[in-house]
Student: 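One structure coming up, written as structure tokens, with questions to follow.
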Amino acid sequence: MANIQLLPDLLINQIAAGEVIERPASALKELLENSLDAGASEISVQLEGGGIKLLRVRDNGSGIAQEQLPLALMRHATSKITSLEDLQRVSSMGFRGEALASMAAVAQVTLTSRHADAQHAWKIEAMDGTQSTAAPAAHTQGTSIEMRELYFNTPARRKFLKSESTEFAWCEETFKRIALSRPDVAFSLQHNGRTVWQLTRQNLAQRITAMLGEEFGQHAVAVERRIADLHLYGIAALPAYSRSSRDEQYFFVNGRFVRDKVLMHAVKQAYQDILHHQRHPAFVLFLDMPPEQVDVNVHPAKSEVRFRESQGIHQFIFHALQDALSAPIGEASSPQPSVQQADNARTPFPLQQQRIPFGAAQQQATYRLWEAQTGKGEGGREMSAVTLPSSPVSIPGSEHPLGYALAQISGIYILAQNENGLVVVDMHAAHERIVYEKLKTALDAQQLPTQPLLIPVTFHAEALDVATAEEEQVALAALGFDLAPLSPTTLAVRAMPAMLKQAHAEAAAREVLHELREFGSSRALTERRNELLATLACHSAVRANQQLTIPEMNAILREMEQTERADQCNHGRPTWFQISLSELDAMFMRGK
């Protein structure tokens with residue numbers, strides 16, 4: 001066995017570089033964070049070859065004094081912290097003192113800086129672990145760091161770098177994250193002599209729009225919640241702007257971009273009732289909190305954090321985001337103009353799903369709800385089936401933002417008119433959301449109304465289902481069901497939730513028994529509760545080809561106006577679209 005010996009400093013830095021400077025984007029992140037820590041208000045980035053051949057960052061920060069330039073390129077040398085207490089409440093972006101030393105070990109680095117009190121700038125160069133002496137240079141106040149030929153002295157490591165376009169894509173994404181975190185700083189990015197980004201100092205809304213596009217801002221709602229020392233703010237996209245990937249998810253903790261399971265889970269939970277399971281939300285959120293309550297010294301990349309009170313943080317973010325997304329149609333702070341998915345092509349005349357202002361505290365619906373009907377199920381559309389009103393419909397202003405029903409198309413859609421034009425409603429999806437929200441509210445308040453059945457509904461059941469019905473009477477009662485065994489293979493539904501239809505008693509009872517049998521009463525009433533209630537709501541909602549009268553259609557519209565998250569059904573699909581008069585005019589080329 002070989003003798004134990006100390007490694008040379010160059011090799012130590014090269015080993016560290018493999019973790020700290022994984023690729024050009026990692027070096028760019030470290031340099032941009034150093035510029036922000038120096039108080040820069042203008043930062044420019046120049047790249048060549050995806051950042052492999054050249055990576056230069058220039059800022060107008062406080063600069064580095066001549067005598068400290070050599071220290072800047074040494075391992076574990078930093079101006080950010082001096083003690084364990086500083087580490088436990090670090091507020092700067094960088095603090096480990098590893099990045100510049102790692103870069104100097106695997107690339108050709110030139111550091112030029114002029115301190116605010118200096119008459120001129122000074123420059124040092126480093127390569128293969130050796131530094132030149134500081135020499136005078138021309139430079140305005142601030143610092144420039146130039147890194148050339150990354151991993152030039154470790155060819156095996158350089159082979160793991162990807163193509164120029166791939167490395168630039170990673171650099172650009174890193175640039176976007178830093179630029180989003182500090183809208184008060186001007187940024188520019190050039191690649192191979194071409195200007196890619198030129199950002200002036202802006203407010204947060206302007207920066208988000210500049211970097212993610214106007215469509216993102218138009219489809220988003222403002223999020224802000226402050227409790228004690230916690231402050232969450234930013235914007236979150238509505239489900240109509242859902243994405244096929246996680247490419248527009250930005251979460252910052254104390255200005256630092258992070259990927260944290262606690263935060264992501266809270267966001268996912270907030271979207272679970274309104275987003276299709278194959279889609280991903282888009283958001284730009286900022287969480288400000290006391291630095292001593294979060295540990296950023298988890299990984300050299302500083303993209304992972306640990307919260308002292310992770311459960312409290314989770315609940316804080318979940319409820320803040322859920323409240324912002326749950327605002328009744330129209331109480332959101334931004335319009336939702338396009339129903340096209342954000343990464344799909346536009347149609348010539350895109351429909352609109354606007355968030356029209358009305359509140360949940362309005363007068364309850366004055367139209368009677370339909371009586372329990374059997375319905376024909378989801379299949380078999382009859383395209384000629386149109387229910388027309390018996391008398392003309394008037395539109396008295398904006399008293400009811402979804403307007404008044406005109407007709408039922410194909411037994412599937414409600415056609416309504418409001419002051420903005422035409423409204424098309426998927427009656428099954430809309431009613432499904434209405435029933436689902438009512439079930440959740442009633443179950444939360446432990447006031448789920450139960451309707452005894454005059455004639456119990458009996459059905460054949462497996463022996464395991466009969467045993468589950470006998471063992472889970474308390475859970476069944478909490479869900480509004482009274483199931484009684486009549487024989488070893490027969491169950492009777494003697495009571496069920498009043499808001500569900502008796503015609504679907506057997507299907508609803510089977511769903512409840514399946515959940516209780518598979519997951520147990522504890523999980524069925526907690527983590528699986530929403531899935532179970534969504535299934536019950538789907539069974540109870542009006543079905544395709546179920547003919548409704550005009551008052552019944554208006555009842556659905558009024559209930560939608562009173563229901564949170566009525567823009568989407570339980571599966572994340574839209575429930576209604578608006579076609580404005582101007583769009584109708586364009587379709588028929590009126591005024592051409």
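It should be emphasised that the depicted structure is a prediction, and the values quoted were computed from it without experimental measurement.
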Student: Identify, with sequence neighbours excluded, every residue that meets salt bridge (Lys or Arg N to Asp or Glu O under 4.0 Å) alongside Arg226.
Tutor: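 Partners of Arg226 under the salt bridge (Lys or Arg N to Asp or Glu O under 4.0 Å) test: none.
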Student: Determine whether a donor-acceptor pair (N or O, by modelled atom type, separation under 3.5 Å) exists between the side chain of Ser41 and the backbone of Val185.
Tutor: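 Side chain of Ser41 to backbone of Val185, a donor-acceptor pair under 3.5 Å: no, none is there.
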Student: Once the angle between the rings of Tyr233 and Phe286 is folded into 0 to 90°, is it parallel (under 30°), tilted (30 to 60°) or perpendicular (over 60°)?
Tutor: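 Judged by the thresholds at 30° and 60°, the geometry between Tyr233 and Phe286 is parallel.
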Student: Looking at Gly217, is its backbone amide N or carbonyl O close enough to the side chain of Thr209 to form a donor-acceptor pair, meaning the two atoms are under 3.5 Å apart?
Tutor: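 Such a contact is absent between Thr209 side chain and Gly217 backbone.
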Student: Taking the side chain as every heavy atom from C-beta outward, state whether Leu199 and Phe175 have any atom pair closer than 4.5 Å.
Tutor: yes
Student: Does anything in residues 117-137 form a ring pair (Phe, Tyr, Trp, His ring centres under 6.0 Å)? List the pairs, not counting sequence neighbours.
Tutor: His120-Trp122
Student: Give me the one residue out of Glu30, Glu167, Glu164 that meets salt bridge (charged side-chain N to carboxylate O under 4.0 Å, His left out) with Arg23.
Tutor: Glu167
Student: May I have all residue pairs that pass salt bridge (charged side-chain N to carboxylate O under 4.0 Å, His left out) and include part of residues 189-212, sequence neighbours excluded?
Tutor: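 Qualifying pairs: none.
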Student: Tell me, do Leu287 and Phe316 make a side-chain contact under 4.5 Å, heavy atoms counted?
Tutor: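 Leu287 reaches Phe316 side chain to side chain.
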Student: Flag the pair Leu54 / Leu47 as yes when at least one side-chain heavy-atom distance between them is below 4.5 Å, and no otherwise.
Tutor: no
Student: If you count the non-hydrogen atoms of other residues, nucleotides and ligands that lie under 6.0 Å from CD in Glu309, is the total more than 12?
Tutor: no
Student: Within the side chain of Thr575, is there an N or O that forms a donor-acceptor pair under 3.5 Å with the backbone of Asp567?
Tutor: yes
Student: List the residues meeting ring pair (Phe, Tyr, Trp, His ring centres under 6.0 Å) with Phe251, not counting sequence neighbours, and say none if there are none.
Tutor: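 So Phe251 forms no ring pair (Phe, Tyr, Trp, His ring centres under 6.0 Å) with any residue.
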Student: Specify the closest pair of heavy atoms between Ile21 and Ser26, including all atoms of both residues, with the distance to one decimal.
Tutor: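 Smallest interatomic distance, heavy atoms only, reads CA-CB, 3.9 Å.
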Student: Check whether Arg433 reaches the backbone of Gln568 with its side chain - one donor and one acceptor, N or O, closer than 3.5 Å.
Tutor: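 Yes, Arg433 side chain to Gln568 backbone: donor-acceptor pair under 3.5 Å.
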Student: Main chain of Pro290, side chain of Gln293: is a donor-acceptor contact present, judged purely on distance under 3.5 Å?
Tutor: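 No.
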Student: Determine the sole option in Ile124, Leu71, Thr143 for which the side-chain contact (heavy atoms from CB on, under 4.5 Å) test with Ile64 is passed.
Tutor: Thr143
Student: Phe216: which residues meet the ring pair (Phe, Tyr, Trp, His ring centres under 6.0 Å) condition with it, sequence neighbours left out?
Tutor: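 Partners of Phe216 by the ring pair (Phe, Tyr, Trp, His ring centres under 6.0 Å) criterion, ordered by chain and then number, come out as Tyr241.
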Student: Could you go through Glu33 and Lys29, starting from their C-alpha distance and side-chain angles, then the distance that decides it, and tell me whether this counts as salt bridge (Lys or Arg N to Asp or Glu O under 4.0 Å)?
Tutor: CA-CA 6 Å; Glu33 289 180 346; Lys29 170 183 175 293; 3.1 Å; yes
Student: Backbone N or O of Arg306 within a donor-acceptor pair of the Asp295 side chain at under 3.5 Å?
Tutor: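 Checked: no pair found.
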Student: State, yes or no, whether a side-chain contact exists between Val223 and Phe283 at a heavy-atom distance under 4.5 Å.
Tutor: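 No, their side chains stay 4.5 Å or more apart.
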Student: Using the test salt bridge (Lys or Arg N to Asp or Glu O under 4.0 Å), find all partners of Glu146 that sit at least two apart in sequence or belong to another chain.
Tutor: Arg56, Arg148
Student: Are any side-chain N or O atoms of Asp288 and backbone N or O atoms of Leu230, one a donor and one an acceptor, separated by less than 3.5 Å?
Tutor: no
Student: Can you check whether Lys261's main-chain N or O pairs, donor with acceptor, with His265's side chain at less than 3.5 Å?
Tutor: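 Flag not set: sc His265 to bb Lys261 has no pair under 3.5 Å.
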Student: Just so I know, are the side chains of Leu263 and Ile313 near enough to count as touching, which here means a heavy-atom distance under 4.5 Å?
Tutor: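 Sidechains of Ile313 and Leu263: in contact.
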Student: Would a 4.5 Å heavy-atom cut-off, applied to side chains only, mark Leu55 and Leu150 as touching?
Tutor: no
Student: Check whether more than 12 heavy atoms from other residues, nucleotides or ligands sit under 6.0 Å from atom CD of Glu214, and answer yes or no.
Tutor: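 12 or below, so no.
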Student: Using a strict cut-off of less than 4.0 Å between a Lys/Arg side-chain nitrogen and an Asp/Glu carboxylate oxygen, indicate whether Arg573 and Asp426 qualify as a salt bridge.
Tutor: no
Student: Quick one, Leu161 and Pro24 - any side-chain contact, counting heavy atoms below 4.5 Å?
Tutor: yes
Student: Indicate yes or no: at least one non-hydrogen side-chain atom of Thr174 is less than 4.5 angstrom from one of Phe257.
Tutor: no
